[in-house]
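To start, the structure itself, in structure tokens.
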Amino acid sequence: MAIYQSGVIFDQVDTQNPDCWTLDAYLKRGGYQALKKILTEKMSQDDVIAEVKTSGLRGRGGAGFPTGLKWSFMPRSFPGTKYVVCNTDEGEPGTFKDRDIIDFNPHAVIEGMIIGAYAMGAEAGYNYIHGEVFESYLRFEKALQEARHAGFLGKNILGSDFSFELFAHHGYGAYICGEETALLESLEGKKGQPRFKPPFPASYGLYGKPTTVNNTETFASVPFIIRDGGQAFADKGIPNSGGTKLFSVSGHVERPGNYEIPLGTPFKDLLAMCGGMRHGKKLKAVIPGGSSAPVLPADIMMQTNMDFDSISKAGSMLGSGAVIVMDEDVDMVKALERLSYFYFEESCGQCTPCREGTGWLYRIIHRITSGKGRPEDLALLESLGNNISGRTICALADAAVMPIQGVLKHFRAEFEHYIEHGKPMKEHRWC
């Protein structure tokens, strides 16, 4: 798996070295210098949060919410326990960056969480790790043991009056637990279902206490920001999209893998880093931000930069940074059928529009690919999507609808050919 080392998380990380994840290797790369800076210079909570705000760091899990602003929501005057939680429940199809961070640079996440806890006055934290990457969970546990033994975790960290404990929690592979309130429910030992909001986690989170949840990549970016300054991080990206970003590139490219690049990098440059299209095929479409993001055709994608605003302007979203590349032979309707089945299967069933709607959407698309489609099915798909989006507790239903809307917008002719002829335009692959 390739790592393009021009960023902050994988800078100087030799992923070919089996010991690159260890504390010794991390210290040689300047690890825990940011934490030492905070404690020796006695930076205030406001100072740390201000630096994160200056960096322009936005959440790397999908929503893209400004991290410093999110941290500022934690109540200062709350007298009881507060928590920080890392969301490593990486279940979005096409996304595989967070597990590489845990495998190759876990101490960056640990240090980032410690800094976040200092800034928000939290006493304890949890890293909720996806259930299907058990080896990564064990790797993180070993890193936690190293950090505790070295005095970076526990009581009176590095001789200061700041104490913080951090634990790893192994999830069980439910996609819905990637939603932050469902994750908190699961941490509490309950069924992983999203909560009604408000109240938001900053006021009523884990065990009813103020809690902030951030993505793995978000926390791993924090040590650089504190060590080298928020402006240095911001300068690596562009306005409103500060820093670097890990993109998980999969599909029909020569070198699929994780690439850490400055936000604002043109997609065509990222494609070149991946060795271009596999077998010399032509690019047909790209899902730029994970399977829940609307698909974009090649002509639009090749003119688009990889940052929040550019991809939004193009009609999709940056999301988790999962870039799914599809060549000229892909059957877009069959690909959509597979995605629709995923969202149908992963709905927790709590909301009627999602529980019933995702299954209905899948069955319509399956009927079309089975050669039994009806002309009115396309209008029905659009109508159903409009009646599902925005009417559920969490965004899973929206995630199921957006891929359908994207394919209908840009590849409607393939649907129409299926309905008219009962088969695809040509012998396409579905993936």
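The structure presented is a predicted model; accordingly, all values stated were derived computationally and were not measured.
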### Query
Is Asp377 salt-bridged to Arg367, cutoff N-O under 4.0 Å?
yes

### Query
Of the non-hydrogen atoms in Ile110 and Ala147, which two are nearest, and what is the gap between them?
CG2-CB, 4.3 Å

### Query
Do the side chain of Arg355 and the main chain of Gly349 share a donor and acceptor less than 3.5 angstrom apart?
yes

### Validation row: Leu57, Ile225 side chains within 4.5 angstrom (heavy atoms)
yes

### Query
For the side chain of Arg99 and the backbone of Tyr137, is there at least one donor-acceptor N/O pair under 3.5 Å apart?
no

### Task
Could you grab the distance from atom CG of Leu183 to atom CD of Glu188, nearest 0.5 Å is fine?
10.5 Å

### Query
Salt-bridged, Glu254 to Lys281, with N to O below 4.0 Å?
no

### Task
Output, in order, the C-alpha distance, side-chain angles, deciding distance and verdict of ring-ring contact (aromatic ring centres under 6.0 Å, His included) for Tyr418 and Phe415.
CA-CA 5 Å; Tyr418 257 110; Phe415 275 100; 7.9 Å; no

### Task
Go through His252 and His279 one step at a time and tell me if the side-chain contact (heavy atoms from CB on, under 4.5 Å) criterion holds.
CA-CA 8 Å; His252 304 129; His279 305 317; over 6 Å; no

### Query
Going through the distances and angles, do Lys37 and Asp228 end up as a salt bridge (charged side-chain N to carboxylate O under 4.0 Å, His left out)?
CA-CA 10 Å; Lys37 177 181 177 179; Asp228 291 13; over 6 Å; no

## Note on the structure
Tightest non-hydrogen contact, residues Ser340 and Ile365, listed as OG-CD1, 3.2 Å

### Query
Is the count of non-hydrogen atoms from other residues, nucleotides or ligands lying under 6.0 Å from Phe78 atom CZ greater than 12?
yes

### Query
Quick one: do Lys245 and Glu217 make a salt bridge, cutoff under 4.0 Å?
yes

### Test item: Arg255 side-chain N/O and Met273 main-chain N/O as donor-acceptor pair under 3.5 Å
yes

### Task
Taking the six-membered ring for Trp and the full ring for Phe, Tyr or His, determine whether the centres of Tyr118 and Phe164 are under 6.0 Å apart.
no

### Query
So how far is it from Cys354 SG to Tyr343 OH, rounded to the nearest 0.5 Å?
11.0 Å

### Verdict with supporting geometry, Phe167 and Tyr126, ring-ring contact (aromatic ring centres under 6.0 Å, His included)
CA-CA 5 Å; Phe167 307 94; Tyr126 294 88; 5.6 Å; yes

### Task
Find the distance between OG1 (Thr265) and CG (Asp307) and round it off to the nearest 0.5 Å.
9.0 Å

### Task
If the plane angle is over 60° it's perpendicular, under 30° parallel, otherwise tilted; pick one for Phe73 and Phe65.
tilted

### Message
Any side-chain to backbone donor/acceptor pair from Glu111 onto Ala34? Under 3.5 Å, distance only.
### Response
yes

### Query
Can we say Lys142 and Glu135 salt-bridge, meaning some charged N sits less than 4.0 Å from an Asp/Glu carboxylate O?
no

### Query
Between the side chain of Ser383 and the main-chain N/O of Ala379, is any donor-acceptor distance below 3.5 Å?
no

### Task
Ignoring hydrogens and angles, state whether a donor on the side chain of Asn214 or Asn87 is under 3.5 Å from an acceptor on the partner side chain.
no

### Query
Taking all non-hydrogen atoms of both residues, which atom of Tyr172 and which atom of His170 are closest, and how far apart?
CE1-O, 3.5 Å

#### Entry: Heavy-atom side-chain proximity of Pro210 to Tyr83 below 4.5 angstrom
no

### Sidechain-backbone polar pair: Ser72 side chain, Leu69 backbone, donor-acceptor under 3.5 Å
yes

### Task
Using a 4.5 Å cut-off on heavy atoms from C-beta on, say whether the side chain of His366 contacts that of Thr369.
yes

### Summary
Closest non-hydrogen contact found for Thr304 with Ala314 is OG1-CB, 3.7 Å

### Message
Looking at Arg412 and Glu382, is any side-chain nitrogen of the basic one under 4.0 Å from a carboxylate oxygen of the acidic one?
### Response
yes

### Salt-bridge contact Glu90-Lys97 (side-chain N to carboxylate O under 4.0 Å)
no

#### Entry: Over all atoms of both residues, closest heavy-atom pair of Leu339 and Pro403
CD1-CB, 4.4 Å

### Query
Roughly how far apart are Leu271 CG and Met277 CE, rounded to 0.5 Å?
6.5 Å

#### Entry: Donor-acceptor contact present, side-chain Lys82 to main-chain Lys209, <3.5 Å
no

### Task
Not counting sequence neighbours, list each pair that qualifies as a side-chain hydrogen bond (donor to acceptor under 3.5 Å, both in side chains) and has a residue in residues 48-67.
none

### Task
Compare all side-chain heavy atoms of Phe247 with those of Asn258 and state whether any distance is below 4.5 angstrom.
no

### Message
I need the His169 NE2 to Cys177 SG distance, nearest 0.5 Å.
### Response
8.5 Å

#### Entry: Close side-chain approach of Met332 to Met326, heavy-atom, < 4.5 Å
yes

Under 3.5 Å, sequence neighbours excluded: what are the donor-acceptor pairs made by side chains of residues 196-207?
{"from": "Lys197", "atom 1": "NZ", "to": "Glu179", "atom 2": "OE2", "distance (Å)": "2.9"}
{"from": "Ser203", "atom 1": "OG", "to": "Phe200", "atom 2": "O", "distance (Å)": "3.0"}

#### Entry: Short N-O contact, Asp327 and Lys282, less than 4.0 angstrom
no

### Message
Test salt bridge (charged side-chain N to carboxylate O under 4.0 Å, His left out) on Glu185 and Lys191; report intermediate values, then the result.
### Response
CA-CA 7 Å; Glu185 289 286 288; Lys191 184 177 181 179; over 6 Å; no

### Task
Taking atom types as modelled, find out whether Thr88 and Asn127 have a side-chain donor-acceptor pair closer than 3.5 angstrom.
yes

### Residue pair Phe224 / Lys236, side-chain heavy-atom distance below 4.5 Å
yes

### Query
If you round to the nearest 0.5 Å, how far is CD1 of Ile129 from CD1 of Ile102?
5.0 Å

### Query
Hey, are Asp331 and Arg338 close enough for a salt bridge, meaning a charged N less than 4.0 Å from a carboxylate O?
no

### Message
By the definition side chain to side chain donor-acceptor pair (under 3.5 Å), identify the one residue from Ser320, Ser292, Ser248 that meets it with Glu92.
### Response
Ser292

### Message
A side-chain contact here means heavy atoms from C-beta on lying under 4.5 Å apart; do Tyr128 and Cys86 qualify?
### Response
no

### Query
For residues Asp299 and Gln303, is any side-chain donor paired with an opposing acceptor at under 3.5 Å?
no

### Nearest heavy-atom neighbours spanning Ile388 and Ala397
CG2-CB, 3.3 Å

### Query
Please walk me through it: do Phe344 and Trp360 pass side-chain contact (heavy atoms from CB on, under 4.5 Å)?
CA-CA 9 Å; Phe344 166 48; Trp360 197 354; over 6 Å; no

### Query
Are the side chain of Glu337 and the backbone N or O of Tyr362 linked by a donor-acceptor pair below 3.5 Å?
no

### Query
Would you say Thr22's side chain and Asp19's backbone share a donor-acceptor pair under 3.5 angstrom?
yes

## Note on the structure
Here the side-chain hydrogen bond (donor to acceptor under 3.5 Å, both in side chains) pairs for residues 384-410, sequence neighbours left out, are none

#### Entry: Close side-chain approach of Pro194 and Cys348, heavy atoms under 4.5 Å
yes

### Message
Main chain of Asp103, side chain of Arg139: is a donor-acceptor contact present, judged purely on distance under 3.5 Å?
### Response
yes

